Amino acid sequence: MIDQIRSMAIFAKVAEAGSFRGAARLLGLSPSVVSQHISNLETRLGLPLIYRSTRNFSLTPDGARLLSSAQKMVAAAEEGLDVFSDIASEPVGVIRMSLPRILNNEVIVALLTRFADLYPGIALRIMFTDEKSNMVRDGLDLVLRVGSLEDSSLKARKLGDIPCFLVASPDYVAKQKKLTHARDLEEWKFIRHEYIKDEIEMTHPQEGKVVVLGKDQISVDSSSAIIGFALAGAGVAVVLDFSVKQALEEGRLVKLLPEWKLMAPGIYAVYPANSSRNSLARKLVDYLIQNLPNARGARRRHASID
């Protein structure tokens with residue numbers, strides 16, 4: 001029975017990694033050992049669990065059925081062990097996480113610094129990138145995402161909504177016709193982000209909803225670059241509330257049509273479906289929900305970052 005339980009745990013990791021080699025790397029085993037465990041499990045059950053070929057890897061219908069039980073088994077074991085880890089004087093371990101560059105600001109950095117002070121035994125390995133991360137491939141425990149999320153086998157917890165608005169440099173504004181309505185922005189240049197929709201939905205208490213497209217000349221793949229180009233006078237930028245606070249205070253950027261509201265994007269913490277309730281990553285998520293500005297009504301849902 002013990003050997004079969006071990007093989008089921010390895011099978012769950014193979015399905016998570018999407019390959020024998022990937023699972024072997026995560027488990028610290030050789031690919032041949034991982035493959036042997038899967039073969040033993042298939043022999044014991046008398047059923048194929050994985051379709052294998054040189055290019056493709058997928059679960060059989062029976063494999064998909066077994067995976068659900070295997071994941072629950074692993075999660076239960078991890079939760080049981082986590083109960084005893086909580087008894088320790090302080091949590092110890094590493095959280096490997098990825099954040100979009102727009103969250104590389106004083107608010108988020110200050111929160112993470114306070115978390116590190118609260119838990120000196122937890123090491124934070126933080127990667128700021130606007131590229132979509134693959135949690136298994138990149139060995140991540142936690143990913144923060146801004147905006148809408150698609151469904152997948154991953155789990156996500158909403159940390160809150162972040163107000164956003166339009167900004168431009170005073171020099172750029174001075175060169176344009178005076179703004180009196182959101183539709184006037186159709187003649188203004190927008191600095192695009194390749195991962196954000198070009199259409200901007202704006203709402204006014206009396207005027208109702210308007211969708212603005214505007215003109216575009218510059219498109220970037222970095223949220224911090226959008227702010228840089230806005231500061232340089234390249235056009236209008238859609239920014240998060242806390243990302244340009246200093247530039248607004250110093251007068252290097254100005255808000256456009258503040259009476260018009262933009263849809264506030266959500267900020268989500270994404271983690272593997274089998275992440276235990278008492279894991280270090282979930283501890284950080286709980287901390288962020290308690291301390292992040294505008295973190296209200298946090299909720300769980302499926303998410304996708306692959």
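Sequential numbering from 1 along the given sequence is applied to the chain's residues. No experiment lies behind these values; they were computed from the predicted model shown.
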Does the [X] side chain pair with the main chain of [Y], one donor and one acceptor, at a distance under 3.5 Å?
X	Y	answer
Arg192	Asp198	yes
Ser7	Leu41	no
Asp130	Ser223	yes
Ser39	Ser35	yes
Tyr287	Leu111	yes
Asp184	Leu179	no
Asp141	Arg96	yes
Glu201	Val211	no

Side-chain touch [X]/[Y], heavy atoms, less than 4.5 angstrom:
X	Y	result
His37	Val14	no
Ile191	Ile227	no
Ile200	Phe190	yes
Leu280	Val94	no
Leu253	Leu231	yes
Asp117	Thr113	yes

Decide, yes or no, whether a salt bridge links Arg6 with Asp3 under the criterion of side-chain N to carboxylate O below 4.0 Å.
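A salt bridge links Arg6 with Asp3.
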
Flag the pair Arg65 and Asp62 as a salt bridge only when some basic side-chain nitrogen lies within less than 4.0 angstrom of an acidic carboxylate oxygen.
yes

Do [X] and [Y] belong together in a cluster built from hydrophobic side chains that touch within less than 4.5 Å?
X	Y	answer
Leu257	Val244	no
Ile5	Val33	yes
Tyr271	Val146	yes
Leu185	Val167	no
Leu240	Val236	no

With a 6.0 Å cut-off (strictly less than), is the heavy-atom count around [atom1] of [X], excluding the residue itself, greater than 12?
X	atom1	answer
Gln246	CD	no
Met263	CE	no
Phe165	CZ	yes
Gln4	CD	yes

Please determine whether side chain to side chain contact (heavy atoms under 4.5 Å, CB included) holds for the pair His181 and Glu207, giving the CA-CA distance in whole Å, both sets of side-chain angles, and the decisive distance to 0.1 Å.
CA-CA 9 Å; His181 194 280; Glu207 300 290 339; 3.5 Å; yes

Minimum heavy-atom separation for Ser69 and Met8, please, with both atom names.
C-CE, 4.4 Å

Verdict with supporting geometry, Phe11 and Val74, side chain to side chain contact (heavy atoms under 4.5 Å, CB included):
CA-CA 11 Å; Phe11 169 71; Val74 172; over 6 Å; no

Angle between ring planes, Trp260 versus His204, binned at 30° and 60°: parallel, tilted or perpendicular?
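Correct class here is tilted.
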
Consider only side-chain N and O atoms of Asp286 and Gln290, and report whether a donor and an acceptor are under 3.5 Å apart.
no

Of Val270, Leu288, Val285, the residue whose pairing with Leu144 passes side chain to side chain contact (heavy atoms under 4.5 Å, CB included)
Leu288

Candidate list Ile267, Val107, Leu292, test side chain to side chain contact (heavy atoms under 4.5 Å, CB included), partner Ile162, passing option:
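For Ile162, the side chain to side chain contact (heavy atoms under 4.5 Å, CB included) test succeeds with only one of Ile267, Val107, Leu292, which is Ile267.
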
Yes or no on side chain to side chain contact (heavy atoms under 4.5 Å, CB included) for Val254 and Val173, after CA distance, side-chain angles and deciding distance?
CA-CA 9 Å; Val254 295; Val173 173; 3.9 Å; yes

Please report the C-alpha distance between Ile122 and Val92 in whole Å, then the side-chain angles of each, then the deciding distance to 0.1 Å, and finally whether the side chain to side chain contact (heavy atoms under 4.5 Å, CB included) criterion is met.
CA-CA 5 Å; Ile122 299 179; Val92 176; over 6 Å; no

